[in-house]
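Note that this is a predicted model, so its numbers are computed, not measured.
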Amino acid sequence: MKIKIEIEDNLTENEIVIHCNQIDENIKQIQEAIVSISRTQEKFILFKEETEYYVSLNKILFFETQENVVYAHTRKDVYQTKLRLYELENLLPDNFMRISKSAILNLNHVFSITASSEVQFEGTHKQIYISRNYYKSMKSRLDEKRSF
């Protein structure tokens, strides 16, 4: 497989073109990876009291529901979103995964998992628990990501 990057000063938006003689599993994986990476650069509208914030998805550690409010956690802050978890599940890229009835995790930020199913993140005191029903599939997804 050849990879070629061409720089064009007159482009207003980056464009990726894949030339292939057929769409096989490798091409599909490349396409999915590119889409996933581009989606993590998107900004989400989040709220804290009366202020609206535009936060990059790759800064979000996890989303969780408490008392019918969905919160987005970054290393240092907590924001609210007007979306429900099921709506987020449909919008978020594949590095986000449901880990309990009340939480969605950004797999890219997992630093450790304790024996009691507690997920810890580097550089913050924040943690979240994985429910038994989601533990095996989450471990599998983490192993997939780490195998590259």
Suppose we call two aromatic rings close when their centres sit under 6.0 Å apart. Are Y79 and Y53 close by that rule? yes

Which atom of S102 lies closest to which atom of L85, heavy atoms considered: C-CD1, 3.3 Å

The test is side chain to side chain donor-acceptor pair (under 3.5 Å); show your working for Q127 and Y129 and say whether it passes. CA-CA 7 Å; Q127 76 250 350; Y129 288 90; 5.1 Å; no

Roughly how far apart are I99 CD1 and I130 CD1, rounded to 0.5 Å? 5.5 Å

Could you tell me the separation between the CD atom of E8 and the OG1 atom of T12, rounded to the nearest 0.5 Å? 11.0 Å

Taking the six-membered ring for Trp, are the ring centroids of F62 and F121 within less than 6.0 Å of each other? yes

Got more than 12 heavy atoms from elsewhere within 6.0 Å of CG, N10? yes

Given 3.5 Å as the limit, does a donor-acceptor pair link the side chain of R75 with the main chain of E122, or not? yes

Looking at side-chain heavy atoms only, is the closest gap between L88 and N90 below 4.5 Å? no

Residue pair F96 / L107, side-chain heavy-atom distance below 4.5 Å: no

Backbone of R84 reached by a side-chain donor or acceptor of E87 within 3.5 Å: yes

Minimum heavy-atom distance K126-D77, with the two atoms named: NZ-O, 2.7 Å

For the CD1 atom on I18, are there more than 12 heavy atoms of other groups (residues, nucleotides or ligands in this structure) within a distance under 6.0 Å? yes

Give, for atom CG of L142 and atom CG of N95, the distance between the pair rounded to the nearest 0.5 Å. 11.0 Å

Taken to the nearest 0.5 Å, the spacing of S100 OG from R132 CZ works out to 13.0 Å

Nearest-0.5 Å distance that lies between atom OG1 in T74 and atom NE2 in H109: 9.5 Å

Donor on one side chain, acceptor on other, N58 and S56, under 3.5 Å: yes

Is there a side-chain contact between F44 and L92 (heavy atoms, below 4.5 Å)? yes

Answer yes or no: is there a side-chain heavy-atom contact under 4.5 Å between L105 and F63? no

What's the verdict on side chain to side chain contact (heavy atoms under 4.5 Å, CB included) for M138 and M97, showing C-alpha distance, side-chain angles and the deciding distance? CA-CA 8 Å; M138 195 224 49; M97 178 184 177; 3.9 Å; yes

Just so I know, are the side chains of H19 and V17 near enough to count as touching, which here means a heavy-atom distance under 4.5 Å? yes

Rounded to the nearest 0.5 Å, what separation is found between the CD1 atom of I128 and the CG atom of N106? 11.5 Å

Whether the side chain of K76 engages the backbone of T124 through a donor-acceptor N/O pair (distance < 3.5 Å, no angle test) should be reported. no

Please determine whether side chain to side chain contact (heavy atoms under 4.5 Å, CB included) holds for the pair E118 and I113, giving the CA-CA distance in whole Å, both sets of side-chain angles, and the decisive distance to 0.1 Å. CA-CA 5 Å; E118 177 185 58; I113 304 170; over 6 Å; no

E64 side chain to Y71 side chain, donor-acceptor N/O pair below 3.5 angstrom: no

Treating R98 as the side-chain partner and K101 as the backbone partner, does any N or O pair qualify as donor plus acceptor under 3.5 Å? yes

I would like to know whether Q80 and V70 meet side chain to side chain contact (heavy atoms under 4.5 Å, CB included); could you show each step before the answer? CA-CA 6 Å; Q80 290 183 2; V70 178; over 6 Å; no

